[in-house]
Visitor: 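Structure below; questions to follow.
Sequence lines set the chain letters: A, B, ... in the order given, protein chains first and strands last, and positions in each chain run from 1.
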Amino acid sequence: MSEKKILPLSEMQTNQKGRIRTYSVQGLLKQKLYNMGFVPGSEILMVRTAPLMDPIEVMIQNYFVTIRKDEAKIIEVEVI
Amino acid sequence: MIKVALAGQPNCGKSTIFTMLSGVNQHIANYPGVTVDKKTAYLSHGGEKIEVVDLPGTYSFSSFSLEERVAKNYLIDENPDVILNIIDASNIKRSLYLTFQLLELGRPVVIVLNMMDVAKRRGLDIDAGKLSEMLKVRVVEAVGSRNIGKKDILSSILEANSHKATGFEINYEELEPYIARFTEKISIESEIAPRWFAIKALEADDTVLAKAGIPKEEMDAQYKKIHSEHNIDIDSFLAAIRYQSADYLYHKSVKEASEKKETLTSKADKIILNRWLAFPFLAGVIYLVYQLSIVLGYKLTNYTWPYLAMVKNFIISILPEPQFIDVPMLTDFGIWMTNSALALLNYVPIFLILFALIAIIEDIGYMPRIAFILDRLFKRFGLHGQSTLPLVLGGAFIGGCAVPGIMATKGIADDRARLATILTVPYMNCLAKVPFYALLLGAFFEGQMTTMMFFISTVTIFIALSVARIITLTFLKNRETAPFVMELPPYHLPTLKGVVLRSFQRVWLYIKKVGSIVLAVAVVLFVLLQFPGASDEVVSEMRADADAALVKFDQTAKKTQYYETLKDKENVYKLVNLYNSYRAQKMIASSPEAAEKLDVAFREANPVLFGFISPDDADQKKINREVRGLARASQTILNKLKSEKIETSFLGMFGKSLEPVTQFAGFDWRVNVAFLSSFAARESAVATIGSIYESGKTDARAEEAISEDGLYTPLHAVAMLIFMILTPPCIATMIVVRMQSGSYKWMVFAIFFPMLLGVVMASVFFNIGMLFSLTGVQTMFAFYLFMLASAIILGFVKGKSINWKGGYLEKNQ
Ligand SMILES: Nc1nc2c(ncn2[C@@H]2O[C@H](COP(=O)(O)OP(=O)(O)OP(=O)(O)O)[C@@H](O)[C@H]2O)c(=O)[nH]1
Ligand SMILES: [Mg+2]
């Protein structure tokens with residue numbers, strides 16, 4: 001377990017927990033992601049994938065949020 | 001007057017608190033033109049007048065969405081005296097993120113911890129006193145949905161207004177020197193704290209930079225400098241500090257129950273969003289909404305219609321009476337306008353139910369979940385998960401209405417998808433088209449009605465999806481799209497008051513806005529249909545017919561004992577009118593008793609003349625027969641005159657001038673006129689076609705009249721059906737398109753694009769049908785397959801969709 005496992009948010013498994021790493025993002029998406037709580041250092045939990053496999057639902061800052069895989073790809077997560 | 005702004009994150013209960021504060025008898029002003037409206041109410045407390053404004057919910061004050069722009073501009077421009085920050089007590093940590101930014105405005109703030117009931121249920125022990133102490137502002141606990149906390153909120157507002165103290169300020173550490181520098185540099189005439197402007201400037205907020213007159217180049221230099229000196233990205237740094245501070249405050253003031261229970265929302269979502277159950281559940285909800293609003297509502301209109309018909313009869317009764325075939329213009333006009341208005345009002349029951357159900361689904365929190373389930377499908381066509389409901393309301397099955405459908409597009413976050421949805425909803429199956437379909441199917445496809453109806457009602461979704469993909473790949477190519485990041489809020493029970501109020505407000509808005517414009521268009525159409533009027537030649541010919549009918553009546557009357565009364569032409573006219581109005585009212589009489597009452601009333605009002613309508617002796621019977629003949633004759637003559645008038649009218653001329661184009665689809669001028677007049681309301685297409693064809697034949701129904709006419713074949717009918725499926729959008733819809741898209745340009749586009757598509761499609765399939773001598777049903781099937789294929793193919797066309805990456809920073813890197 002000493003090895004750090006790092007993946008994009010879009011590839012996390014259901015019920016997997018992680019911590020958001022510093023990720024590079026620009027423009028409006030950046031504002032939106034930060035405002036919705038996807039800030040580096042935060043804990044995140046993968047809740048489920050939509051019936052059509054996209055988008056995904058995650059729990060962050062104590063609430064539930066859905067995000068498309070396209071956007072979730074950008075966010076790097078360290079599994080804990 | 002104290003100006004209070006209600007600010008808070010989406011779904012924290014602002015509107016509920018707003019309603020609680022202002023009561024039902026509020027004065028609600030809607031600001032048209034903006035997609036996201038703010039509402040204002042006036043009330044008084046402790047001898048002070050208070051103005052409360054309900055702002056749209058925002059997570060933050062960037063300019064990410066229209067809501068955020070509306071809220072931000074209000075706070076900057078209107079200088080509220082007190083900001084009432086509503087917080088979802090069950091989600092304090094995230095809510096504080098916005099609270100910090102509100103506090104930075106430097107205006108008095110009162111915090112309302114709403115949804116205390118939910119927080120308690122979750123086992124959260126919130127120390128409001130501690131929170132108040134740390135944030136240095138008043139904190140009030142409330143349960144908006146149960147009217148708890150009103151007094152405390154109002155008195156806190158008054159106190160906050162009289163002690164203008166500033167609240168807690170976040171320390172942004174490394175950025176503080178820069179904030180200080182900007183604070184000095186920026187001089188904006190405003191009550192808002194300069195510090196707020198400085199922070200916003202650091203965030204590169206366009207509005208603030210423009211207001212402060214700071215050129216972007218200077219900001220870029222600053223950005224680079226901060227980046228290289230401290231190795232921090234400003235946005236990420238600010239966000240992180242805000243969340244850390246929120247986390248700190250949260251842990252200081254809230255104690256969580258030791259064992260965390262799974263929330264009801266989580267449990268419910270395990271079923272509602274389950275991979276296998278999500279679709280059946282969604283289908284069930286949509287089916288229920290459709291059944292309750294469209295089907296049940298349509299049945300309800302059967303009960304409400306007699307009342308509207310009573311209004312109509314009353315209006316007719318006060319208009320000047322026709323003198324046999326001379327109908328005063330005022331009467332014609334009055335009846336025309338009444339019909340136009342009633343056609344609209346007839347749908348009110350449907351709208352009331354529909355809007356109430358939407359309000360319930362919104363309140364419960366199912367809306368974002370629908371988006372979650374269907375987003376992937378809709379994304380392929382340039383739409384958004386949130387497009388589902390608008391499209392369903394527009395008529396996913398046999399009938400809906402584009403007006404509420406387009407109104408429901410408001411919440412779609414993605415600008416391009418929202419516009420595409422607005423422009424697509426009118427292609428869905430409008431309820432008012434059904435009579436038109438019924439007319440044509442009845443005339444040409446008696447045996448295959450079900451098959452044809454199936455094609456008609458299911459082809460619309462393929463059309464809508466294809467159109468959506470086409471316009472998002474072309475006209476809307478460069479529109480802003482938004483990243484799909486959306487909260488899935490906890491489920492809430494809706495409140496009865498909130499639902500009813502919202503439903504009535506929306507219906508009222510609809511009647512007011514749409515009604516006035518439909519009536520205006522009705523006036524224009526009336527003029528276009530009335531003038532220049534039938535030629536003198538025709539008129540005198542008709543007059544001769546009328547005279548002949550009257551002479552015939554006179555001869556019979558002469559042989560009866562009642563000739564004294566009936567010698568007088570005035571009395572004869574009166575008798576015909578009496579007969580017509582009796583028949584009209586008898587038709588809507590609800591029971592035998594009511595019919596009897598009607599008889600008594602009529603006899604009382606016209607003791608002599610009514611004798612000929614409900615005859616007793618032989619002479620009266622003779623005259624009765626003649627009266628009926630006379631009424632029929634006058635109707636025939638009037639119809640002939642009317643169709644003559646329509647043919648020579650401006651609209652008729654216009655219809656004729658379109659023939660060179662529409663002939664390819666097999667439409668002659670009559671069909672053109674019918675389609676043109678259906679602009680006011682689709683119902684009028686049937687009425688117009690009816691009255692054109694009724695000419696000459698009295699009792700034949702319009703269906704029979706059309707099919708017997710021999711002018712048209714089933715192929716013609718299919719061309720008309722195709723055109724009608726694609727078009728024409730009614731005026732009411734266009735108004736709502738204008739309201740929701742905020743531009744006349746899109747309204748014009750929404751009028752002409754479907755028309756063009758309709759004419760082209762109708763022509764193509766009319767000619768294909770001719771060329772291969774297909775039957776009507778075969779042609780329709782060909783059209784169906786074509787649309788199906790086009791939807792499938794277009795679904796695989798990839799478009800660019802990531803222009804939201806083109807933000808401020810990217811351009812400079
Ligand atoms: N249990 C509970 N539910 C509440 C309370 N206050 C509001 N609600 C419910 O929360 C939901 C959202 O309330 P709204 O008033 O529409 O929230 P809003 O902040 O105006 O939402 P937006 O306008 O979308 O930003 C509704 O279903 C309300 O009935 C409360 O104190 N307790
Ligand atoms: Mg609201």
Visitor: Of the non-hydrogen atoms in B:Phe484 and A:Thr66, which two are nearest, and what is the gap between them?
Guide: CE2-OG1, 3.4 Å
Visitor: Determine, stepwise, if the pair A:Val65 / B:Arg94 fulfils side chain to side chain contact (heavy atoms under 4.5 Å, CB included).
Guide: CA-CA 12 Å; A:Val65 58; B:Arg94 203 200 55 211; over 6 Å; no
Visitor: Between A:Ile60 and chain B, which part of the residue has a heavy atom less than 4.5 Å away: side chain, backbone, both or neither?
Guide: neither
Visitor: Compare every heavy atom of A:Leu52 with every heavy atom of B:Ile373, then report the nearest pair and how far apart it is.
Guide: O-CD1, 3.8 Å
Visitor: Tell me, for B:Asp247 versus chain A, whether the close heavy atoms (under 4.5 Å) come from the side chain, the backbone, both or neither.
Guide: neither
Visitor: If you round to the nearest 0.5 Å, how far is CG of B:Asp88 from OH of A:Tyr63?
Guide: 12.0 Å
Visitor: Relative to chain B, which segment of A:Thr22 carries a heavy atom at a distance below 4.5 Å: side chain, backbone, both, or neither?
Guide: neither
Visitor: To the nearest 0.5 Å, what is the distance between CD on A:Glu57 and CG on B:Asp269?
Guide: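 The distance works out to 5.5 Å.
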Visitor: Check whether A:Val39 gets within reach of chain B through its side chain, its backbone, both or neither, counting any heavy atom under 4.5 Å.
Guide: side chain
Visitor: Mind listing the closest non-hydrogen atom pair of B:Lys93 and A:Gln61 along with its distance?
Guide: CE-OE1, 3.4 Å
Visitor: Please classify the contact between B:Ile92 and chain A as side chain, backbone, both or neither, with a heavy-atom cut-off of under 4.5 Å.
Guide: neither
Visitor: What are the two closest heavy atoms between A:Tyr34 and B:Tyr243, and how far apart are they?
Guide: O-CE1, 3.4 Å
Visitor: Give the intermediate values and the outcome of side chain to side chain contact (heavy atoms under 4.5 Å, CB included) for residues B:Glu256 and A:Asn62.
Guide: CA-CA 12 Å; B:Glu256 290 175 20; A:Asn62 240 338; 4.3 Å; yes
Visitor: By a 4.5 Å heavy-atom criterion (distance strictly below it), what part of B:Phe372 contacts chain A: side chain, backbone, both, or neither?
Guide: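 Contact with chain A is through both the backbone and side chain of B:Phe372.
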Visitor: Would you compute the distance between atom CG of B:Leu238 and atom CD of A:Gln31 and round it to the nearest 0.5 angstrom?
Guide: 11.0 Å
Visitor: With a strict 4.5 Å heavy-atom criterion, list every residue of residues 272-282 of chain B that contacts chain A, or say none.
Guide: B:Leu273, B:Asn274, B:Arg275, B:Ala278, B:Phe279
